[in-house]
Structure formats: structure tokens, C-alpha cells
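Written below as C-alpha cells is the structure these notes are about.
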Amino acid sequence: MVQMTMIEAIRSAMDVTMERDENVVVFGEDVGYFGGVFRCTAGLQKKYGTSRVFDAPINESGIVGAGIGMAVYGLRPCIEVQFADYIYPAYDQIVSEAARIRYRSAGDFTAPITIRSPVGGGIFGGQTHSQSPEALFTHVSGLKTIVPSTPYDAKGLLIASIEDDDPVVFFEPKRLYNGPFDGHHERPAQNWTTHPLGNVPEGHYTLPIGKAAIRREGSAATIVTYGTMCFVAEAAVQETGIDAEIIDLRTLLPLDIETITQSVMKTGRCMVLHEATLTSGFGAEIAAQVQENCFYSLEAPILRVTGWDTPYPHAQEWDYFPGPARVGRELKELTEAI
Amino acid sequence: MVQMTMIEAIRSAMDVTMERDENVVVFGEDVGYFGGVFRCTAGLQKKYGTSRVFDAPINESGIVGAGIGMAVYGLRPCIEVQFADYIYPAYDQIVSEAARIRYRSAGDFTAPITIRSPVGGGIFGGQTHSQSPEALFTHVSGLKTIVPSTPYDAKGLLIASIEDDDPVVFFEPKRLYNGPFDGHHERPAQNWTTHPLGNVPEGHYTLPIGKAAIRREGSAATIVTYGTMCFVAEAAVQETGIDAEIIDLRTLLPLDIETITQSVMKTGRCMVLHEATLTSGFGAEIAAQVQENCFYSLEAPILRVTGWDTPYPHAQEWDYFPGPARVGRELKELTEAI
Amino acid sequence: MSDYGPLSFKVPEPPVRPGDEPDFSDFEVPKAGTVRKPGVDTDAQDIKDLATTMIRVLNREGDVVGPWAEELDKDLLLHALRSMLRTRAFDERMMTLQRQGKTSFYMKCTGEEAIAIGQQLALSEGDMNFPTYRQQGLLLCQDYPVVDMICQNLSNARDPLRGRQLPVLYSSKKHGFFTISGNLGTQYIHAVGWAMASAIRGDTKIATAWIGDGSTAENDFHAALVNASVYQPPVVLNIVNNQWAISSFQGIAGGDQATFAERALGYGIPSLRVDGNDFMAVHAVSKWAIERARRNLGPTMIEWVTYRVAPHSTSDDPSKYRPREESAAWPLGDPVLRLKNHLIKVGLWTEERHTQAEAEFDGEMRVAAKEAESYGVMGGGSSARDIFEDVYKEMPPHLVAQRQKLGV
Amino acid sequence: MSDYGPLSFKVPEPPVRPGDEPDFSDFEVPKAGTVRKPGVDTDAQDIKDLATTMIRVLNREGDVVGPWAEELDKDLLLHALRSMLRTRAFDERMMTLQRQGKTSFYMKCTGEEAIAIGQQLALSEGDMNFPTYRQQGLLLCQDYPVVDMICQNLSNARDPLRGRQLPVLYSSKKHGFFTISGNLGTQYIHAVGWAMASAIRGDTKIATAWIGDGSTAENDFHAALVNASVYQPPVVLNIVNNQWAISSFQGIAGGDQATFAERALGYGIPSLRVDGNDFMAVHAVSKWAIERARRNLGPTMIEWVTYRVAPHSTSDDPSKYRPREESAAWPLGDPVLRLKNHLIKVGLWTEERHTQAEAEFDGEMRVAAKEAESYGVMGGGSSARDIFEDVYKEMPPHLVAQRQKLGV
Ligand SMILES: Cc1ncc(C[n+]2csc(CCOP(=O)(O)OP(=O)(O)O)c2C)c(N)n1
Ligand SMILES: Cc1ncc(C[n+]2csc(CCOP(=O)(O)OP(=O)(O)O)c2C)c(N)n1
Ligand SMILES: [Mg+2]
Ligand SMILES: [Mg+2]
């Protein structure tokens with residue numbers, strides 16, 4: 001075990017799988033010689049050569065589409081879309097092709113492709129470097145959607161994704177690349193080097209896709225969240241002193257509703273927390289399932305705390321981002337309801 | 001007032017607006033000389049000339065993108081995407097451009113474009129002629145999303161959409177083009193010619209965007225639905241004899257949550273019904289809002305009745321489509337719960 | 001204020017519309033045998049002229065002429081003609097089934113049979129086609145079971161695709177036939193990616209991509225060409241220009257301003273324009289492009305000039321947008337007749353054998369259809385359980401629950 | 001089994017990498033004045049050669065030579081040089097602000113100043129540019145207030161875009177400057193659509209589209225070209241080939257196989273390749289293309305060959321992927337120096353005035369920056385209320401509620 005940032009953990013996941021399976025190839029914009037704008041692929045081209053790690057033209061549909069063709073051939077492409085905000089040009093290839101090929105060919109062809117892309121805000125990146133479009137993928141049957149929140153999870157889940165026989169959309173919260181972030185942007189940035197979840201095995205391991213983690217046990221309420229918001233939730237819990245249970249979904253689809261349901265049955269109260277826009281966000285799905293499964297245990301309405309229904313603004317980032325103060329306030333309301 | 005099919009009503013909406021405003025232009029694949037594969041634009045090119053009604057290359061991104069450019073110039077393009085299943089190549093233009101231009105330019109530029117596209121199944125069209133992707137648009141702030149269910153609404157809402165200063169995605173349930181359809185595919189097809197809602201004024205009128213309609217008053221439960229499912233809901237109510245209130249949303253975004261909340265407060269029970277895939281479907285959003293707003297009035301969990309979480313299959317269409325039998329069964333369960 | 005007149009808007013129109021006389025006077029047809037045949041290793045920029053002419057081998061007299069002419073194996077020629085006839089017979093039978101209400105939808109390839117068959121017969125085992133819905137010939141000239149094809153069209157109990165796809169959207173990995181998408185153009189970049197993979201793995205297999213004239217307008221066409229240009233993978237980029245895209249003539253895809261073959265030149269990809277109704281030209285040019293690919297010389301684009309004789313699909317009535325007689329006036333003739341005449345001329349075929357073969361394939365298709373119908377028609381025999389399979393490799397819990405809810 | 005060797009995969013590499021000597025030996029530079037100037041109504045296919053050569057007007061000696069040379073108004077020339085200097089001064093001041101932590105992000109256009117300015121000065125009031133983030137020159141050669149530009153970069157209380165956009169993504173309808181998108185390539189088809197609208201309405205206004213070499217790979221580039229080809233709208237399709245796209249050299253966009261200008265030929269669109277560091281060539285070719293558009297003769301593509309002297313953005317360190325000295329070795333020189341030398345040669349300018357002008361603009365930018373800073377830096381002064389405005393024309397109830405929840 002060594003300490004890794006999330007970037008290093010992600011790189012290590014690709015390294016480990018490339019070493020084990022020569023069918024794994026890595027490509028995307030600026031990922032080759034340069035090693036990616038976030039350095040996630042640094043050093044891989046040198047180690048594995050330009051046939052397995054290479055730059056792609058700036059054409060996201062082409063990156064995904066070529067990846068699908070390669071996967072159909074028998075490779076296991078792990079591709080990068082430079083920012084999730086730029087995944088939309090590839091949306092047709094993901095929705096109509098990657099997600100459908102197994103189904104429409106009755107298993108004759110498959111497209112096991114992993115699409116990595118940084119999501120989320122908090123880096124003063126404006127609306128085209130901050131979006132969290134995960135709900136646009138959870139509506140698509142045939143896809144798996146993953147959002148890790150720690151180096152350990154990122155590596156284990158990325159290896160699992162690359163090895164998975166179905167297409168996976170793997171969203172990396174860029175604000176967590178270098179360290180945990182609880183929303184206190186006014187405080188010095190933290191680094192993974194001292195965090196227990198930055199302690200990562202160097203070799204191969206996988207985490208099961210579709211299993212949530214309970215980041216904190218508690219009894220006053222359940223906070224269902226993922227990505228950066230896991231740390232914001234923790235901060236809010238600490239700052240309010242409310243004994244909430246925090247569930248980190250890790251995989252959004254397939255959803256580990258079991259773990260959520262058990263928790264809400266126990267706590268009777270539920271907050272769903274994400275950075276993405278409220279309306280039709282993934283929080284809606286969680287709320288819909290929780291009210292159905294836990295109706296008779298719920299002591300208060302399920303609360304969604306999310307980004308506003310607007311584009312992600314640049315200057316007003318911290319008024320948009322659901323930070324610990326807002327989450328804390330809502331948590332109080334949730335636990336005080338009735 | 002004359003009897004119109006939904007196709008005629010839609011055509012009439014374009015005709016009326018084109019006549020009043022020379023900035024209205026209509027284009028899309030096969031919409032010009034031929035008049036559209038569903039004939040929605042038949043006769044318009046003859047009447048208004050090829051400069052205002054014309055065929056477009058088969059490039060959905062280009063259709064929307066060119067439409068945006070025209071709207072920025074000052075026109076009011078009403079464009080057609082031949083099937084909603086083919087809207088994904090245009091997704092980036094819709095999400096990153098049409099929906100964002102007013103915001104990012106602080107109102108300096110606007111893109112009042114109307115994107116018409118047929119949705120829904122029940123025509124034995126297989127997975128690429130049957131999809132209902134509305135939830136992928138309700139997650140996008142800056143867009144308005146409309147799904148009419150009658151000729152009268154279709155015309156009034158389409159005129160309102162073309163005249164609206166914001167981009168509108170206008171989904172037309174193709175199974176309702178020629179007549180109402182309650183899911184009884186084994187019975188002879190009905191036609192709008194005899195239906196009261198096929199009674200449509202010939203001239204200009206608008207319906208307000210963002211207002212739902214109560215299709216049927218009732219007290220035993222509220223069925224929140226839209227599009228084809230309005231008629232399926234009616235059939236289920238009739239066949240079960242359960243006195244449910246049926247709300248036809250008409251506009252999904254902005255949502256008329258007011259009307260829904262009032263109804264559910266009254267009935268205490270709520271079913272959300274749509275044809276689209278369950279997970280992260282628009283039903284999730286409705287359920288999330290209803291449980292929040294009506295928590296203390298709800299006597300049973302909100303039930304979602306939807307298409308399955310699979311691609312829309314071809315041969316098994318009627319096992320996929322939430323027909324009156326399934327809706328009736330679920331409605332019974334909903335009203336009998338505790 | 002300005003000394004400029006008002007701008008005006010131009011929308012291309014086909015030369016004729018219903019009610020007009022067919023008019024191909026602007027359509028230039030070079031004499032067969034007049035176009036040179038460069039080496040497969042020629043640079044793209046040295047053969048730009050091949051994108052604006054038309055390679056033709058079979059002349060009006062049924063002779064095989066010019067540098068692209070080659071001696072073909074007798075069996076191959078007979079198999080080619082028979083496959084084209086078989087394809088035509090298959091299409092006719094499917095139309096009958098559709099009229100009989102046994103399937104809801106069908107798409108013929110009438111007039112375009114030489115293209116898919118001419119190219120498939122130049123491919124090797126293991127190569128992969130990424131077809132559209134109008135290359136049924138790729139399967140029909142191989143040993144793919146016709147009964148399976150019909151079952152797919154009937155979406156019945158023996159449909160290899162389990163009733164999930166619209167008719168004609170076949171899939172067969174074993175026959176090098178990628179699952180057809182309903183979404184136009186997406187497969188073009190898949191083919192390029194597949195070919196990149198073959199090169200990455202040091203394989204010898206090549207890919208072929210197929211697209212229609214109208215669909216070259218789709219964005220993924222560009223994605224494919226950019227990637228083909230950059231990585232030079234072993235892929236043949238076919239464009240089947242059958243003049244029409246549903247109701248839109250090829251000018252709406254830009255065909256009035258340049259040939260479709262020319263699109264590739266701006267990407268430095270060699271490109272050839274070929275008489276697609278000339279089996280001998282199709283086969284020869286396909287071999288040339290395939291050889292280039294297999295010798296690691298990179299991609300080639302080929303525009304096959306042909307005419308969509310049939311309606312777009314069974315949902316379409318072409319007399320609404322083009323003269324009914326237009327297909328008969330098409331200057332490149334009928335690919336079946338042209339090959340037939342040649343084979344008769346060289347003594348490999350006779351009118352009698354032709355009539356016999358037509359009857360034989362009509363019979364074959366009748367019998368096959370009968371068998372297929374016995375497994376169900378119009379979705380009959382399909383299983384609701386199949387709705388939930390193959391969404392993922394393993395069914396996740398929520399789908400298990402949904403399947404249970406449906407009670408299947 | 002097979003007599004074919006294994007395929008191999010090719011990924012283009014730039015001639016040199018960090019540590020190597022800069023190498024432009026494969027980069028051909030025709031002598032200034034050697035490329036012909038056709039009439040604006042010439043057919044696209046008769047000027048294909050112009051897409052592979054390079055139009056140049058200013059020679060090494062500072063003379064203006066050849067058929068594209070023209071007498072330009074003295075004021076225009078002085079304004080051009082001053083605008084280029086002003087742009088450079090602006091870029092430098094913004095870099096300083098970024099280093100001072102007053103803005104988070106900036107993008108310079110160093111070395112590319114002649115292009116935006118040369119074209120803008122050929123446009124008329126009412127024409128509309130659809131720019132990328134590297135055409136600040138379009139605004140800086142007009143009367144757009146620099147303080148407003150800086151306020152945008154500082155996202156402060158006077159930011160015309162209300163803090164909503166990343167720095168450099170300006171918008172000004174009044175100045176014919178379309179709101180810049182962070183998503184590459186999308187604006188190319190907007191420009192075409194806008195030009196279609198102008199033609200539909202019988203207007204006289206034209207549109208210009210801007211894109212980078214790397215972004216020509218984006219799919220919407222094709223959407224734009226197809227529509228431009230089909231409808232022949234009055235649009236100038238600019239490609240700024242500055243050799244780099246972040247860390248990727250132009251070969252990763254296909255530039256090794258054909259020029260970017262050649263892309264247009266396959267769509268039948270006339271296309272010219274031009275020395276983008278030569279203000280006189282930029283202006284002359286822009287005028288030619290604009291005249292074509294305004295005379296209803298349709299679209300023109302222009303590849304401007306230049307070099308991105310600056311890093312991609314303030315988030316980037318180019319010495320990681322190209323030799324530090326590469327920009328100094330760039331064969332087309334510095335556009336500011338080249339125009340300066342010409343103006344000195346023809347007696348319109350002096351070294352002293354140049355030094356003076358540099359100081360003047362440095363001063364102007366300092367003063368402007370100071371004023372802008374007084375309205376806030378790094379998002380300071382922006383209002384949280386602005387988050388909810390302009391999502392729609394009228395704020396729908398759910399946004400009103402959310403704004404209330406935020407308490408603003
Ligand atoms: C993305 C997408 N847009 C539109 C359609 C509808 N559509 C199906 S076939 C067709 C015409 C295609 O014409 P062409 O590419 O020339 O092929 P052909 O039918 O002539 O073989 C259209 C518009 C579709 N299937 N997919
Ligand atoms: C759709 C999309 N994909 C990727 C990016 C990230 N990105 C920003 S600029 C850039 C390089 C663009 O290069 P080029 O077009 O050559 O323009 P230049 O920066 O050289 O002016 C990339 C990849 C983006 N902004 N949008
Ligand atoms: Mg066609
Ligand atoms: Mg560049």
C-alpha cells in the first residue's frame with residue numbers, strides 16, 4: 001500500500017490493467033505524449049508505446065465511436081473525454097451505440113468500453129468545466145455509471161470498469177483529484193497523502209460495481225450522496241453535530257438501493273445530495289425509490305440538496321455549489337421536521 | 001372550429017405562425033417538397049416557398065445548429081427532427097448552445113428555436129422509432145419541454161412555442177397523430193375526427209406553456225401523466241372503475257407542480273405514468289416533488305408505472321408499453337395500499 | 001446605403017419532379033475502360049482525378065474492357081450473378097410477406113445488388129463489414145441461412161435477434177456483418193475503430209464501412225474520415241450513392257457541388273468513383289482498395305454510383321417526389337442484366353439458365369419463407385423474457401425485479 | 001495462412017519534441033507575390049490549387065508584392081498596426097492580472113494578431129463574427145471598451161456577462177461578436193445558419209466563422225461545411241491553423257495528410273491557404289471572400305497559417321510537448337514586426353512611433369485594468385442574484401423558489 005492522489009490511483013488502474021491485458025488501450029485528447037490535461041495518463045505512452053496510448057483528434061464522437069469499434073474487435077479501450085462538459089457530442093455514440101450493441105445483436109457483438117471523464121465544479125472553471133451530467137447517463141439502460149470519491153475506490157472501480165464486459169461511464173470528480181474537498185474553499189487545500197482513503201494497493205484489485213459504501217454510520221438521518229459531496233456531507237455533519245449516516249453511492253447505475261433502503265428504514269429521514277442541477281437530477285431517482293421503499297418509515301419528506309437549475313456560473317461558484325453551510329442548514333431542517 | 005388530426009393541428013400551427021410572421025421558417029429532413037415523413041409540413045413549401053420551408057441534409061446537429069444561427073439572426077426557426085430517437089446527434093447543440101446562449105451572453109443573444117420531434121412507441125417501430133427521451137431534456141436548464149396529447153393542445157402549444165423567446169423542445173406522441181390511443185392495440189384505431197379534443201380553431205390561438213390540464217376529475221388517486229399515456233390512464237380508470245383524477249402535464253418543464261400538488265393533497269395517492277424507461281425518467285422528478293410537497297397527505301407510496309429499463313423492443317412492444325391492463329392493476333394496488 | 005443587392009437563398013432542387021420527364025442529361029458517364037488503374041501504393045494526391053470520373057469495366061456490349069478489367073474465376077462470376085438474383089428474389093419475397101401483413105416493414109436494395117456482393121466476394125474470412133440496411137447482399141452471397149434472415153424480418157421465435165430489432169437490421173459476427181444501427185452514420189466510425197484495433201494488434205484483418213449518399217451529411221462521417229486520415233487504418237470507406245435519401249435527392253447532401261468521392265480528398269484519403277451497377281468494376285475496385293488496406297497502405301474511399309430503384313422502404317411512396325419512370329431512365333442500367341449479358345457473351349450463362357435460376361431462387365425463398373413463417377409472423381413467437389436479457393451481460397437486480405413485475 | 005504481413009498502427013508525431021532542435025524543413029513557404037488572384041466569381045474547381053499553396057503579400061524586405069497586393073488607406077494601415085499592438089498590450093496586461101491572482105485564467109493570441117484584425121477591418125457594420133477564444137483582436141480593433149473586456153476577465157461587478165462565463169469568452173452583439181462557447185466547433189454551424197438567415201431575409205449582411213486547426217476535427221465542422229455547400233450562404237469559413245491544439249500538433253487533426261484548406265474542396269467550397277502572419281495578405285484575402293459572400297456567390301474557406309506563440313492558456317506549459325525555441329524558429333515571422341517594417345518602409349511609421357505606441361498601449365491597459373480592478377477581481381463584486389437571471393426570458397416559478405432558498 002502506498003499513498004496516492006486520485007490522479008495517481010486512476011493512472012495506476014490503467015497501468016495495472018494495461019500490464020495484464022494487452023487488449024487495453026488508452027486514448028483521448030492530449031492523453032498521449034503530454035499525459036492528459038490532468039496528468040492522469042502521464043508516463044503511460046512511454047511505457048506502453050504509441051500503439052496503446054495515443055492522442056486523439058478533438059472529436060468526442062469519434063473518440064467514443066472509434067473506441068466502440070475497437071471494443072467490438074476485442075480490445076478494451078479506456079478512453080478519456082477531457083471534461084464531462086464535452087461529452088455531449090459523443091452522446092449519440094454512447095446512448096444509441098455503446099449502450100445498445102449487446103441488446104440489439106442479442107449478444108452477438110459487445111462494446112466493453114470505459115469512458116473516463118472529469119466532472120463537477122469547485123475549480124472556478126465556469127459552466128464548461130464544472131458540469132455534472134451523470135443523470136443523463138443513468139436514464140440510459142445498457143450503461144453503468146460510476147462516480148468514485150476516493151483514490152482507493154477510484155482505482156478499484158476503474159479496474160473493475162475496464163474489465164467489465166459492458167460499457168461504463170466513469171466520472172471523476174476533478175475537485176477530488178488531488179485531495180478531499182469538503183466545500184471549505186476558504187481553507188487550505190488538503191492532499192490525499194495524509195488521508196487513509198489515499199492508501200492504495202500498488203497492484204491489481206477491484207471493487208464491485210453496484211455497491212455503495214457507508215462512509216459514516218449514524219442514526220439521525222441518511223445522506224445519500226456521491227463524489228465530492230461525500231466530503232461536504234461529512235463537514236456538514238461535523239459542523240451541525242447531527243448524527244447522520246452518509247452513504248457514498250460510488251455506482252449510480254446499477255443502484256445499490258438495498259443499502260440506501262436499510263439506512264433510511266433505520267434513520268427515518270433522508271437527504272439526497274449532489275452537485276448537479278436539481279430537476280431530473282439523479283437525486284430525483286433516489287428520492288422516488290426511497291419514498292417507495294421506505295414510505296412507512298419516513299418521518300419527513302426526502303430532501304434534495306443540489307446545484308440550482310441554472311448553468312454552472314463562473315464567478316458565483318460558491319453560491320451555486322451546495323457547500324457545508326447550506327447542507328448543514330438543510331440537514332437541520334430535515335431532522336427537525338415535525 | 002374544425003376537426004383536425006394532431007398532424008393537421010401541428011401543420012396548422014406552423015401555417016398560422018408563418019402567415020403572421022415572416023421570420024418563421026421550417027426545415028428538416030424530408031419536410032420540404034415531400035412534406036415530412038408524417039406529413040406534418042405537407043403543403044407548406046408550396047405556400048411559403050423554398051426559402052421558408054425546405055429540406056435539410058441528414059445531420060441533426062446541423063439542423064439544430066443552423067437553426068440556432070438563424071434564431072440568433074432574428075428568425076424563429078421551427079425545425080423537425082424526424083424521430084426523437086435521432087435527436088442525440090444534436091444533443092450538444094441543444095444542451096450547450098440553444099439552452100445556454102441567453103445565459104452566457106447575459107441576454108445579449110437569444111436562440112428562440114422550436115424543435116419538433118415525434119416520440120413514443122406503439123407503432124411497431126423498434127428501438128429507433130419508439131423512444132421517449134424527454135427526461136434528457138428536463139434536466140437541462142434553459143430549455144422548455146412540451147408533450148401535447150390532443151390536436152387542440154398541440155396547435156395552441158406549438159404556436160406558443162414558436163412565439164416563445166426561449167428554445168422549446170416539442171415532442172409529439174406519434175401514436176396520437178391520427179387519433180387517440182388508449183393502449184388497446186387489438187381494437188380498431190380511433191380517429192380524431194369524432195373526438196371533442198380534435199375540434200380546433202382554424203386561426204391563431206395559444207395555450208400557456210407551463211400549465212397542466214386536468215383531463216378527468218376524481219378523488220381516489222391522482223394519475224400524473226402526459227402524451228399517449230393520458231388515454232391509457234383514462235382507459236384504466238374506466239376499466240377498473242377507480243375514480244382517479246388524471247392530470248395531463250402538457251408542459252414538463254417548467255412543471256405545473258401547483259396543479260399536481262393540489263390534486264394529490266386531495267386524493268392522497270399518486271401514480272406517475274409514462275412510456276419512457278423508469279430509471280431517471282421524468283416520473284422520478286414528479287415523484288420527488290410530490291413526496292416533498294404532499295408528504296403529509298400521502299396515504300401510500302407514489303407509484304411509477306413506466307416502460308421497462310431496457311431499449312424499446314420491437315416484437316415485444318406490447319409487453320413493454322404500459323397498457324391499460326398494467327396501469328389498471330397498478331392503480332388498484334395504489335388505491336388498495338393500506 | 002449599400003451598393004450590394006439583397007442576398008437570396010438557394011435550395012437545391014432535383015432536375016425533375018413527378019409529372020416531369022426523367023432527365024439525366026447532366027449526368028456524365030465516361031466510356032467503360034477509359035479510366036486508368038494506378039498501383040495500390042500510389043499517393044492520394046496523384047489520383048485525385050479518380051474521384052470525379054467514373055470507373056467502368058462492363059461496356060454496353062457486355063465486354064469487359066480497360067485497365068480495371070481482369071480475368072475472374074468462373075465460379076466466382078456465376079456465384080456473383082446467382083447471389084444477385086437470389087438477393088432480388090429475397091427482396092421480392094419479403095415484399096410479399098409485408099403485403100401479407102406478416103412483417104410490418106421492409107427495405108429493398110433493387111438496382112444496388114452488385115455493390116455489396118461485388119465487394120463481399122473480394123473480402124476474406126475474418127474481415128468485418130459495418131453495413132447499412134441496404135447491404136443484404138453481403139449476407140446473401142455468403143452461407144448465411146436465409147431462413148434466419150426471414151425469421152429476423154418476421155421477429156418470430158427463431159429470430160436470431162430475439163425480436164428486438166426492426167426488420168432488416170441483421171447482425172452476424174460469424175459472417176463479418178456488424179449489427180445494423182437504426183441511427184444513420186454511426187457505424188462509419190466503428191469501422192475505422194475496428195480497423196485501428198486490427199492494426200494495433202498486428203492482425204491482417206480489414207474493415208469495410210458502408211454509408212448512403214444522404215447519410216454522408218451526418219457528423220460521424222467526418223469523425224470517421226478524420227480518424228482514418230490520422231491513423232491510416234486498414235478500412236474501405238464505401239459510399240453508396242443511390243441518388244436518393246428518402247425524398248431528398250443527392251443535392252441536399254451536397255452532391256451538386258462535388259462528388260461524394262471528393263469528400264475524402266480533403267483528408268488526404270485516396271478516393272475512387274465507380275459505376276456501382278457494374279459488377280466487374282465493383283469487384284476490381286474493391287480488390288484494389290482491400291489490397292491497399294491489407295498491405296498497410298491505409299484507407300480508401302469509394303463512391304458507388306447507383307440508383308435506388310425501390311421505394312426507400314415499405315413506408316414510402318417515391319412517386320410523391322420523383323417521376324415514376326426515373327429508375328427506368330437511369331443511365332447505368334440494371335446490374336443484374338449487365339452481368340448476365342456479359343456471362344452470356346463469354347459463354348458462362350444462357351437465357352435459359354437465367355430463367356431457371358430465377359425460378360430456382362423464387363422457389364428457394366418461398367420454401368424458406370414458409371419454414372420461417374411456421375415459427376411465427378409479425379412478432380409472433382417472440383418471448384417477453386427477451387426484453388430483459390442482453391441489456392447487460394448479467395441482469396442487474398432492478399431488471400430482475402422488473403421482469404418479475406411483468407410476470408415473465 | 002495469409003501471405004500478408006501483420007498490419008501496424010501509425011500515430012502521427014511532430015518532427016520535434018522538447019530537447020530537439022526546432023525543424024521546419026518540411027514546411028514550404030512560397031515566395032510572396034507568387035500566387036495568382038482569381039476573380040471572386042471563379043468556380044471552386046478552378047482554384048483548387050489555392051488550397052495547397054500559400055498566399056503571401058509582404059515579402060522579407062517589407063514590400064507589398066504580387067496580385068493580392070493593394071493600396072490600402074493610410075488610416076486603415078495605421079489603425080491595423082496600432083490594433084495589433086494594442087492586442088498584444090492587452091494580452092500582456094491580462095497575463096499580469098492572472099499572475100497577480102486577479103483572474104484565474106487567460107488565453108493569449110500572440111503571433112496571431114494579424115488574422116482577426118485583418119479580417120475585421122474588411123467587414124461592414126452589421127456583419128457577425130462567430131469567434132473562438134483567440135480572436136480578441138476582433139473587439140480590440142473596434143470601439144469595444146477595454147474596461148468592459150477586462151471586467152469580463154475579472155468576472156466583477158461590471159462584467160457585461162455578469163460573471164457567468166470563464167474569462168475571454170466575450171460577447172457583444174453590437175460589435176458583431178457572437179457569445180463564445182466553451183465547447184469547440186459549435187459556432188461554425190451557427191455562422192452558417194446566421195448567413196442562411198441573412199439570405200432568407202434578403203439582407204446584405206454576412207457571417208464569419210472561426211475555428212482552430214485542432215477543432216476542425218470536431219463533428220460540427222462537417223455540419224457547417226455540408227450546410228454551406230448545400231445552401232451557399234454568405235459566410236467566410238476561417239480556420240486558424242496555429243499548428244497546435246493544446247499539446248497536440250496539427251497532424252493529430254489530419255494536417256499531415258492534407259492542408260486544412262483542402263477540407264473545403266470536397267464540398268465544392270472555394271478555399272484559400274494564406275500566410276496568417278502577413279496582415280496585407282489577411283486583409284486582401286478577407287476582402288475577396290467577403291466580396292464573394294456579399295455578391296451572393298456563396299461561402300469561402302480560408303486557412304490562416306500561423307503559429308501559437310503563447311501557451312494554450314495560463315493552465316498550460318508548452319515546453320512539456322514542444323521545444324521552447326520553436327516559436328522563434330517559425331518561418332513566417334512575427335505579424336507585428338512584418339507590418340511595422342512595411343509601414344516604416346513606406347514612410348507611414350517610425351521606430352520611435354512604434355516605441356511610443358507600445359508605451360501608449362501599455363499605459364492604456366494599465367489604466368483600464370486599474371479601473372476594472374476597482375469593480376472587483378476574481379469574481380468579486382458579482383451578484384448571486386445573477387445566477388438565476390437569463391436562464392429564461394422570464395424566471396419560472398421553480399427558479400424564483402430556488403433564488404429565495406439561496407436568500408438572494
Ligand atoms: C440519425 C438518423 N437520422 C434520420 C434517420 C431517418 N432516415 C432513415 S433512412 C434515411 C435516408 C438515408 O438515405 P441514404 O443515406 O442515402 O441511404 P439510402 O436509404 O438511400 O440507402 C433517413 C433520413 C435515421 N434513421 N437516423
Ligand atoms: C468539445 C470540446 N472538446 C474539448 C475541449 C478542450 N479544449 C479546449 S481548447 C482545445 C484545443 C483547441 O485547439 P485549436 O482548435 O487548434 O485552437 P487553438 O487553441 O490552437 O486556438 C481543447 C482540446 C473543448 N473546449 N471543447
Ligand atoms: Mg441514398
Ligand atoms: Mg490550434
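We name chains A, B, ... by the order of the sequence lines, and we start the count at 1 in each one.
Across C/D220, C/L225, C/L265, C/D256, the residue that shares the most heavy-atom pairs under 4.5 angstrom with chain D is C/D220.
Heavy atoms of D/A293 lying under 4.5 Å from chain C belong exclusively to its backbone. Heavy atoms closer than 4.5 Å to chain C are found in the backbone of D/K205, but not in its side chain. Of the atoms belonging to D/I200, heavy atoms from both backbone and side chain fall under 4.5 Å from chain C. Proximity to chain D (any heavy atom under 4.5 Å) is shown, for C/A261, by neither the backbone nor the side chain. Neither the backbone nor the side chain of D/S271 comes within contact range of chain C; no heavy atom of the residue lies under 4.5 Å from a heavy atom of that chain. Within the 4.5 angstrom heavy-atom criterion, no atom of D/P233 approaches chain C.
For the pair C/S8 and D/A199, the tightest heavy-atom approach, listed with the atom from each and the gap, is O-CB, 3.6 Å. Scanning all heavy atoms of the two residues, the minimum distance from D/G266 to C/A258 falls at O-CB, 3.4 Å. Across C/L7 and D/P234, no two heavy atoms sit closer than the pair CD1-CG, 3.5 Å. Of all non-hydrogen atoms in C/R263 and D/V226, the two that sit nearest each other are NH1-CG2, 4.3 Å.
When side chains are defined from C-beta on, D/Y4 counts as touching C/E291, because their heavy atoms get closer than 4.5 Å. Looking at heavy atoms from C-beta onward, C/P6 lies out of side-chain contact with D/D203 at the 4.5 angstrom threshold.
Taking 4.5 Å as the heavy-atom cut-off, none of the residues of residues 119-128 of chain D approach chain C. Residues of residues 36-47 of chain D lying under 4.5 angstrom from chain C, judged on non-hydrogen atoms, do not exist. Annotation: residues 245-252 of chain D contacts chain C through D/G251, D/I252 [non-hydrogen atoms, separation under 4.5 Å].
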Check against side chain to side chain contact (heavy atoms under 4.5 Å, CB included), D/Q232 and C/Q257: CA-CA 10 Å; D/Q232 297 286 309; C/Q257 300 295 324; 3.5 Å; yes
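Legend: ring pair (Phe, Tyr, Trp, His ring centres under 6.0 Å) pairs involving residues 209-243 of chain C, not counting sequence neighbours, sorted by first then second residue: A/F54-C/Y231, C/Y188-C/F221, C/F221-D/H222, C/H222-C/Y267, C/H222-D/F221, C/H222-D/H222, C/Y231-D/F9.
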